[in-house]
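Contents: one structure, followed by commentary.
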There are 2 protein chains.
Amino acid sequence: MPAPGLRERKKQRTRDALIRVALELFTEQGYERTTVDEIVDAVEVSQRTFFRYFASKEEVAFAVQHMVEALFVTALEQRPPGEGPFDALRHAVLSAWDHAGEAISEAVPIELYLRTFEMIESTPALLAVHLRRSAETEETIARIIAEREGLDVDEDPRPRIAVAAFSGVMRVTGQMWVRGTDQSLEAIRALTERYLDHLGPALAPHWRNSAPGDTP
Amino acid sequence: MPAPGLRERKKQRTRDALIRVALELFTEQGYERTTVDEIVDAVEVSQRTFFRYFASKEEVAFAVQHMVEALFVTALEQRPPGEGPFDALRHAVLSAWDHAGEAISEAVPIELYLRTFEMIESTPALLAVHLRRSAETEETIARIIAEREGLDVDEDPRPRIAVAAFSGVMRVTGQMWVRGTDQSLEAIRALTERYLDHLGPALAPHWRNSAPGDTP
DNA sequence: AGGCTAATGACAGTCACTGACAATTGACAA
DNA sequence: TTGTCAATTGTCAGTGACTGTCATTAGCCT
């Protein structure tokens with residue numbers, strides 16, 4: 001790909017600036033207390049321009065998150081076909097977290113991403129959108145799994161069910177991560193492994209026995 | 001409880017009318033295409049009054065759904081202590097569906113509830129709120145499960161993990177239900193059983209073997 | 001240089017939602 | 001029954017997200 005023209009570069013810069021400023025303001029003063037006018041004033045574009053780049057005030061908050069999700073989907077698509085469904089999912093997340101740092105830092109400082117994640121989880125309006133986006137991603141993932149196994153998602157419910165259970169655990173992981181003390185990418189990777197290991201036992205008929213010591 | 005005064009009865013009637021009219025308009029012309037003004041004009045109250053009964057336009061859409069969730073939580077709390085966590089969850093949903101019909105019809109016609117559920121699933125803004133509400137319910141449920149097992153939700157991750165997996169399957173169930181042809185309470189009860197039965201096998205290392213014929 | 005088109009800005013308007021204050025209306029005691 | 005109190009409702013003005021429209025600007029390409 002040759003160097004994009006001045007026009008394209010300008011657009012990219014405007015978009016990046018909007019994301020950067022928005023996330024900074026959101027994390028500093030809170031999402032609700034930040035108006036779109038504040039963002040566009042800081043970037044010196046009109047409000048109309050903001051809404052040409054982002055369909056809503058919410059959308060700009062998920063720009064980086066969007067990349068990380070794409071990373072996971074790509075990782076899943078590249079898992080070897082021999083791997084069972086659940087192993088493929090497991091290895092795909094872990095691989096995604098391994099490459100997330102690099103990918104994120106090309107857009108914004110990692111630390112800003114972490115604070116953004118925290119803000120999303122603690123802002124009701126954003127949490128709602130986050131969950132809906134996740135649900136959409138689940139559908140994509142279920143289709144990938146179905147294809148790996150040579151199944152039709154609309155005939156066999158197992159792809160969607162497995163993905164739903166898996167995603168549920170991922171959600172709890174993210175939730176526990178932001179509530180914990182160690183908010184680093186290494187920490188969420190470790191938590192991911194730990195929580196996935198717990199899924200099997202958690203579905204057992206009784207819990208009396210297995211219970212490794214755990215602190216979220 | 002003695003007969004509530006005129007004031008209370010009037011409030012209840014206004015609230016019911018708002019819910020009824022709102023759901024009717026939402027399901028007929030769509031959520032986004034219905035304005036709050038249309039609702040309050042039909043009920044003949046001021047817009048301000050609407051927002052005194054409901055914090056947002058979204059909230060009125062979940063009034064009935066709210067009851068069903070409460071039904072489930074109550075059912076779970078009444079499961080015998082001997083039952084394992086997953087069995088308790090399973091029996092609680094099934095019991096909730098058994099009593100849902102009666103509970104719902106006290107508020108609105110069942111058929112209106114079914115159409116509302118469909119609308120929620122197909123309206124992005126409402127789906128987002130629905131998922132957030134479900135996430136909140138999950139937390140409640142996790143605490144109940146933890147208590148049943150004599151555990152601390154913040155020490156042992158299994159309650160949250162089990163509930164997350166369970167809720168994920170419930171979500172898929174609801175989703176498949178509204179997409180299917182038989183939209184009755186009996187149908188979703190049957191789907192619930194079937195999908196829960198699939199959870200174990202779906203998490204197995206390989207799917208080669210078990211696969212009952214399925215049409216969602 | 002000059003025409004074409006994508007990108008932006010300016011402006012007016014809609015809709016959800018909120019705060020403040022006035023008007024109304026059950027509740028309840030004298 | 002009436003008068004007082006407090007809850008409920010209505011009115012009004014305002015904010016903030018978002019959209020359609022149209023004029024203006026500014027890369028792009030010959």
Side-chain angles (χ1 to χ4, degrees), chain A residues 1-19 21-23 25-26 28-63 119-120 123-129 132, chain B residues 1-19 21-23 25-26 29-63 119-120 123-130 132:
Chain A
M1 53 192 82
L6 172 55
R7 195 176 263 173
E8 279 308 311
R9 272 178 290 140
K10 246 185 173 173
K11 275 207 298 184
Q12 195 55 50
R13 251 188 295 142
T14 305
R15 196 185 136 84
D16 288 349
L18 284 172
I19 295 173
V21 168
L23 296 188
L25 289 174
F26 288 168
E28 270 165 31
Q29 25 178 310
Y31 175 76
E32 325 266 11
R33 278 187 302 277
T34 304
T35 67
V36 173
D37 281 337
E38 285 181 88
I39 301 169
V40 300
D41 285 354
V43 181
E44 295 188 291
V45 294
S46 70
Q47 205 198 55
R48 200 68 187 80
T49 295
F50 176 94
F51 285 110
R52 284 203 183 93
Y53 280 94
F54 306 98
S56 65
K57 180 182 160 188
E58 282 149 7
E59 198 177 297
V60 67
F62 291 96
M119 176 201 67
I120 291 174
T123 305
L126 292 181
L127 178 55
V129 172
R132 176 169 49 84
Chain B
M1 51 194 83
L6 171 58
R7 195 175 262 174
E8 279 307 311
R9 271 178 290 141
K10 245 185 172 172
K11 274 207 299 183
Q12 195 56 49
R13 251 189 296 143
T14 305
R15 195 186 138 84
D16 287 350
L18 285 172
I19 294 173
V21 168
L23 295 188
L25 290 174
F26 288 167
Q29 23 177 312
Y31 175 77
E32 325 266 11
R33 277 186 303 277
T34 305
T35 67
V36 173
D37 279 338
E38 284 181 90
I39 301 169
V40 301
D41 284 353
V43 182
E44 296 190 291
V45 294
S46 71
Q47 205 198 57
R48 200 64 186 82
T49 295
F50 177 94
F51 285 111
R52 285 204 182 92
Y53 280 94
F54 305 98
S56 65
K57 179 182 162 190
E58 282 149 7
E59 197 177 298
V60 68
F62 292 96
M119 176 200 67
I120 290 173
T123 306
L126 292 180
L127 178 56
V129 173
H130 176 61
R132 176 168 47 85

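Residue numbers start from 1 in every chain, and the chains themselves are labelled A, B, ... in the order their sequence lines are given, proteins ahead of strands. As the structure is a computational prediction, the values presented were derived from the model and not from experiment.
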Can you tabulate the close N/O pairs, meaning under 3.5 Å, that link protein atoms to atoms of nucleotides 13-17 of chain D?
| unit_1 | atom_1 | unit_2 | atom_2 | d |
| --- | --- | --- | --- | --- |
| D/dA17 | OP1 | A/Val36 | N | 3.4 |
| D/dA17 | OP1 | A/Lys57 | NZ | 3.3 |
| D/dA17 | OP2 | A/Val36 | N | 3.3 |

Show me the protein contacts with nucleotides 28-30 of chain C, counting only N or O atoms at under 3.5 Å.
none

Nucleotide N/O of nucleotides 27-30 of chain D paired with protein N/O under 3.5 Å:
| unit_1 | atom_1 | unit_2 | atom_2 | d |
| --- | --- | --- | --- | --- |
| D/dG27 | OP1 | A/Lys10 | NZ | 2.7 |
| D/dG27 | O3' | A/Arg7 | N | 3.3 |
| D/dG27 | N3 | A/Arg7 | NH2 | 2.9 |
| D/dC28 | OP1 | A/Leu6 | N | 3.0 |
| D/dC28 | OP1 | A/Arg7 | N | 3.1 |

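Computed from coordinates, the A/Asp41 CG to C/dG9 C1' distance equals 14 Å when rounded to whole Å. Rounded to whole Å, the distance from NZ on B/Lys11 to C1' on D/dG10 is 17 Å. Rounding to whole angstrom units, CD of residue B/Glu44 and P of D/dT11 are separated by 12 Å. Rounded to an integer number of Å, the gap from B/Phe50 CZ to D/dG10 P is 14 Å. Summarising the geometry, the separation between CD1 on B/Ile39 and C1' on C/dC17 is reported as 14 Å, rounded to the nearest angstrom. One can place CG of B/Leu18 at 10 Å from P of D/dG10, the figure rounded to the nearest angstrom. What separates CD of B/Gln12 from P of D/dT9 is a distance of 12 Å, to the nearest Å.
Looking at residues two or more places apart in sequence or on another chain, you find a ring pair (Phe, Tyr, Trp, His ring centres under 6.0 Å) between A/Phe54 and A/Phe50. Residues passing the ring pair (Phe, Tyr, Trp, His ring centres under 6.0 Å) test with A/Phe51, sequence neighbours excluded: none. Considering only residues two or more places apart in sequence or on other chains, A/Thr34 meets the side chain to side chain contact (heavy atoms under 4.5 Å, CB included) condition with A/Leu25, A/Phe26, A/Gln29, A/Glu38, A/Ile39. Partners of B/Thr49 by side chain to side chain donor-acceptor pair (under 3.5 Å), not counting sequence neighbours, listed by chain and number: B/Ser46. Partners of B/Glu8 under the salt bridge (charged side-chain N to carboxylate O under 4.0 Å, His left out) rule, at least two apart in sequence or in another chain, are B/Lys11. In this structure B/Phe62 satisfies the ring pair (Phe, Tyr, Trp, His ring centres under 6.0 Å) test with no other residue, sequence neighbours excluded. For B/Asp37, the side chain to side chain donor-acceptor pair (under 3.5 Å) partners are B/Gln47, not counting sequence neighbours. By the side chain to side chain donor-acceptor pair (under 3.5 Å) test, B/Gln12 is found to be paired with B/Asp16, residues two or more places apart in sequence or in another chain being considered.
Remark: A/Thr49 is in phosphate contact with C/dG9, judged by side-chain N or O atoms under 4.0 Å from OP1 or OP2.
Comparing atom distances between the A/Arg52 side chain and each of C/dT8, C/dG19, D/dT19 picks out C/dT8 as nearest.
Looking at heavy-atom distances under 4.0 Å, B/Tyr53 makes contact with sugar-phosphate atoms alone, never a base.
B/Ile120 and B/Ala61 get closest at one heavy-atom pair: CD1-O, 3.9 Å. When all heavy atoms of A/Arg9 and A/Pro4 are compared, the closest pair comes out as NE-O, 3.3 Å.
With hydrogens and angles ignored, the 3.5 Å screen pairs no side-chain donor or acceptor of A/Tyr31 with any backbone N or O of A/Pro124.
For B/Arg9 and C/dG26, a side-chain-to-base donor-acceptor distance below 3.5 Å is absent, hydrogens and geometry of angles not being considered.
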